[in-house]
Asks: 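Below you'll find the structure I mean.
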Amino acid sequence: MHVNDVLDDSRVGTLVNVRGWVYRSRESGQLIFLVIRDSTNIVQVVVEKGAVTPEEFEMAKKSNIETSIEVEGKVSKEQKAVTGYEIHATKVKVYQFAENFPITKDKSDEFLLDIRHLWLRSREMTAIMKMRETVLDSIRDFMRERGYHEVQPPMFVGGMVEGGSTLFEVPYFGEKAYLTQSSQFYLEAFMYSLESVYTISPSFRAEKSRTRRHLTEYSHYEAEAAWVGNQQMMDLEEEMIIAIAQSLLSSNKGELEIVKRDLKKIKSVEKPFYRYRYEKVIEIGRQKGLQLDDVTDLGEKEERVITEDFDKPIFVYNFPTELKPFYHRPDPADPSHVMNHDVLAPEGYGEIIGGGERIWSKDELISRMRNDNLNPEDYQWYVDLRSFGSVPHSGFGLGVDRLLTWLAGLDHINKVVPFPRTIRRLKP
RNA sequence: GCCGCUGUAGCUUAGUUGGUAGAGCACCCGGCUGUUAACCGGGAGGUCAUCGGUCCGAGCCCGAUCAGCGGCGCCA
């Protein structure tokens, strides 16, 4: 039986059996309190001398934190117990006495990263992993409902997607392969058959970034759809983010409480999100005291200042063409701007999505590449897609870890990833 | 890659103008029948990141190296 099943009025007075790990232990003479943790919750167990055999009492006494244990006993309601109920033990079985657990009440973020394989057991990490699962589930539910197909692009790639300096190089039978930075080009290939596609896959960036929102390996949720324009794609993303926020609220109240998230901040994520042209956002930044040129990419600091006072996400659309990669489609009515968008999360969190309409004319794509000093030969198969029945299409890429960092109200992206990979951390 | 900061017990840390390294938690022993990361008494635990220098004397001053953290740039 799981701990959560015990925490119920209908169990009071009955005999139950739970297995798990010792979360806290305290003794007071002839009385031992063991708080047992399993994947569902925690519950207090009281071991009284005389209620179990002398051997069992000794075992309970020796059970330090993380000892794996099985307990049988009678349930009672008890206000003084952490989760409102407690088990009065009649049988105690220890599977393994734990060595001294290194995690105590005083711990630094750095130490927790060093022993992440153990910190994974904490209530915080357990809560975050459950919320992560909800986010992924609700992405899949939402996309399936909209007729999108989930696909699996390759992680080993032969060419560059966005400039060589940020690629991880791996030896590949005498050749050089790279770990993918984005599956966008592959999704565009899938689009010609399945029309609306998405993937949730890792992406790898060898950027030497040292910020609270960068990882070298992250979960990238990307989508691509035929016949869809920039504004329509924004509509989809808006509804999707709301759907994710709603499912967190309905499935993970307890978990949000454990990470101390103010539920009001998630409840306020509803239609309509703010939608501003790029120039308008530059103006907002200036009003908040930032020194910004007319055409400038927004860094982490700028996004933080700009989004600080907002209560829901902000779309920033139609960036100056010169700021964006070649594949973004220039607005036919104003070629100095592309038909793209970013989504900035509120409360200072900043960019979580980049997306927009792709160039679908072969000639236009080649001329934009030349403009950026890229050789179309290097992108041969990508260009080739435009030779056989090209169609208007749009897509986006969302950083799943950034999204969760914001929704859970955490201060660092490495808190939402079980084993974060950063420029200075490859272990555990 | 650049700038800044930090490194003392398993963890979190104090350490005064340079003069015998101190505590809390965890751990071990003892006590306690209602504890809430309990409490009371006792104990053990230190190459002060590493290497070198200055000095009668270095945790403290100087230099180098290593590791980590924060920020910038770049990005999702």
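Convention: sequence-line order gives letters A, B, ...; per-chain numbering from 1. Because only heavy atoms are used, hydrogens play no part in the values below, and waters and symmetry mates are left out as well, while side chains stay in.
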Asks: Looking at B/G34, does its base get a donor-acceptor pair with the side chain of A/Glu86 below 3.5 Å?
Replies: yes
Asks: Under a 3.5 Å cut-off for both contacts, is B/C74 paired Watson-Crick or G-U wobble with anything, and if yes, with which nucleotide?
Replies: none
Asks: Describe the nucleic acid contact of A/Ser108 in one word from base, sugar-phosphate, nothing, applying a heavy-atom distance below 4.0 Å.
Replies: sugar-phosphate
Asks: With both distances under 3.5 Å as the test, what is the Watson-Crick or G-U wobble partner of B/G52?
Replies: B/C62
Asks: Answer yes or no: is there an ion pair linking A/Arg11 with A/Glu86, defined by an N-O contact shorter than 4.0 Å?
Replies: no
Asks: Say you pick atom P in B/A14 and the same atom in B/C61; how far apart are they, in whole Å?
Replies: 15 Å
Asks: Report the base-pairing partner of B/C69 (Watson-Crick or G-U wobble, both distances below 3.5 angstrom), or none.
Replies: B/G4
Asks: Taking a pair as Watson-Crick or G-U wobble with both distances under 3.5 Å, which nucleotide is matched to B/A9?
Replies: none
Asks: When rounded to the nearest Å, what value does the distance between C1' atoms of B/A38 and B/U33 take?
Replies: 14 Å
Asks: Parallel under 30°, tilted from 30 to 60°, perpendicular over 60°: which one fits the rings of A/Tyr327 and A/Phe185?
Replies: perpendicular
Asks: If you measure from the C1' atom in B/G59 to the same atom in B/A49, how many Å do you get, rounded?
Replies: 12 Å
Asks: Which one is paired to B/G46, where only Watson-Crick or G-U wobble pairs with both distances under 3.5 angstrom count?
Replies: none
Asks: Compare every heavy atom of A/Thr126 with every heavy atom of A/Leu120, then report the nearest pair and how far apart it is.
Replies: O-OG1, 3.7 Å
Asks: On a plain distance test, is the side chain of A/Gln44 in donor-acceptor contact with the base of B/U35 below 3.5 Å?
Replies: yes
Asks: Could you state the atom-to-atom distance from CZ of A/Phe204 to C1' of B/C74 in whole Å?
Replies: 19 Å
Asks: In whole Å, what is the span from the CZ atom of A/Arg213 to the P atom of B/G71?
Replies: 11 Å
Asks: Hey, which sits more toward the 5' end of RNA chain B by its nearest nucleotide, A/Arg24 or A/Val46?
Replies: A/Val46
Asks: Could you check how far CD of A/Glu58 sits from P of B/C29, rounded to whole Å?
Replies: 10 Å
Asks: What integer number of Å spans the P atoms of B/G19 and B/C28?
Replies: 37 Å
Asks: Using the side-chain heavy atoms of A/His412, tell me which of these nucleotides is nearest: B/C75, B/C32, B/G70.
Replies: B/G70
Asks: Whom does B/G30 pair with, Watson-Crick or G-U wobble, provided both distances fall under 3.5 Å?
Replies: B/C40
Asks: Between A/His341 and A/Asn230, is any side-chain donor less than 3.5 angstrom from a side-chain acceptor?
Replies: yes
Asks: Can you pull out the residues from residues 115-140 of chain A that lie within a 4.0 Å heavy-atom distance of RNA chain B?
Replies: none
Asks: For nucleotides 1-3 of chain B, give me every protein contact, N/O to N/O, under 3.5 Å, one pair per line with atom names.
Replies:
| residue | atom | partner | partner atom | Å |
| --- | --- | --- | --- | --- |
| B/G1 | OP1 | A/Lys208 | NZ | 3.0 |
| B/G1 | O6 | A/Lys208 | O | 3.2 |

Asks: Centroid-to-centroid, A/Tyr172 to A/Phe156, below 6.0 Å?
Replies: yes
Asks: Just checking, any donor-acceptor pair under 3.5 angstrom between side chains of A/Tyr198 and A/Glu222?
Replies: no
Asks: If you measure from the P atom in B/C27 to the same atom in B/U36, how many Å do you get, rounded?
Replies: 15 Å
Asks: Whether A/Lys324 engages the ring of A/Phe319 as a cation-pi pair (distance to the six-membered ring centre under 6.0 angstrom, angle to the ring normal within 45°) should be assessed.
Replies: yes
Asks: Quick one: A/Asp293 CG to B/G73 P, roughly how many Å, whole number?
Replies: 13 Å
Asks: Could you give the distance separating B/U54 and B/G63 at their C1' atoms, to the nearest angstrom?
Replies: 11 Å
Asks: May I ask you to check whether A/Thr321 and A/Arg368 show a side-chain donor-acceptor distance below 3.5 Å?
Replies: no
Asks: For A/Phe315, is the NZ or CZ atom of A/Arg275 found under 6.0 angstrom from the centre of its six-membered ring and inside 45 degrees of the ring axis?
Replies: yes
Asks: Any donor-acceptor pair under 3.5 Å linking the side-chain atoms of A/Asp9 with those of A/Tyr85?
Replies: yes
Asks: Which word best sums up how the rings of A/His220 and A/Tyr218 line up, parallel for under 30°, tilted for 30 to 60°, or perpendicular for over 60°?
Replies: tilted
Asks: A/Arg212 near the nucleic acid: base, sugar-phosphate alone, or nothing, with a heavy-atom cut-off under 4.0 Å?
Replies: sugar-phosphate
Asks: By the 4.0 Å heavy-atom rule, please label A/Ile353 as base, sugar-phosphate, or nothing.
Replies: sugar-phosphate
Asks: Quick one: look up who B/U16 pairs with, Watson-Crick or G-U, both distances under 3.5 Å, and put none if it's unpaired.
Replies: none
Asks: Do you know the tightest heavy-atom contact between A/Ile282 and A/Asp294?
Replies: CG1-O, 4.2 Å
Asks: Send over the distance from A/Glu302 CD to B/G71 P, rounded to a whole Å.
Replies: 14 Å
Asks: Mark up nucleotides 23-28 of chain B, 5' to 3', with B wherever a protein heavy atom is under 4.0 angstrom from a base atom, S wherever such an atom reaches only the sugar-phosphate, and - elsewhere.
Replies: -BSSS-
Asks: Rounded to the nearest angstrom, tell me the gap between atom CG in A/Asp109 and atom P in B/G70.
Replies: 8 Å
Asks: Using a cut-off of 4.0 Å on non-hydrogen atoms, how would the nucleic acid contact of A/Glu110 be classed: base, sugar-phosphate, or nothing?
Replies: sugar-phosphate
Asks: I want to check one thing: is the phosphate of B/U36, taken as OP1 and OP2, less than 4.0 Å away from some side-chain N or O of A/Arg26?
Replies: no
Asks: Which value, in whole Å, describes the distance between the C1' atoms of nucleotides B/C5 and B/A9?
Replies: 24 Å
Asks: Tell me: OH of A/Tyr218 to C1' of B/C75, nearest whole Å?
Replies: 8 Å
Asks: Run the salt-bridge test on A/Glu224 and A/Arg358 with the 4.0 Å N-O cut-off and return the result as yes or no.
Replies: yes
Asks: Below 4.0 angstrom, N of the basic side chain to O of the carboxylate: do A/Glu239 and A/Arg146 qualify?
Replies: yes
Asks: Name the nucleic acid region contacted by A/Asp114, choosing base, sugar-phosphate or nothing; use a 4.0 angstrom heavy-atom cut-off, strictly under.
Replies: nothing
Asks: Suppose you measure atom C1' in B/C69 against the same atom in B/G15; what distance do you get, rounded to whole Å?
Replies: 23 Å
Asks: How close or far is atom P of B/U33 from atom CZ of A/Phe57, stated in whole angstroms?
Replies: 10 Å
Asks: Please work out if A/Phe111 contacts a base, only the sugar-phosphate, or nothing of the nucleic acid, heavy-atom cut-off 4.0 Å.
Replies: sugar-phosphate
Asks: Out of B/G70, B/G34, B/C72, which has the shortest distance to the side chain of A/Leu31?
Replies: B/G34
Asks: Quick one: do the A/Glu279 and A/His337 side chains pair a donor with an acceptor below 3.5 Å?
Replies: yes
Asks: Among the nucleotides B/C69, B/C75, B/C72, which one has an atom lying closest to any side-chain atom of A/Glu207?
Replies: B/C75
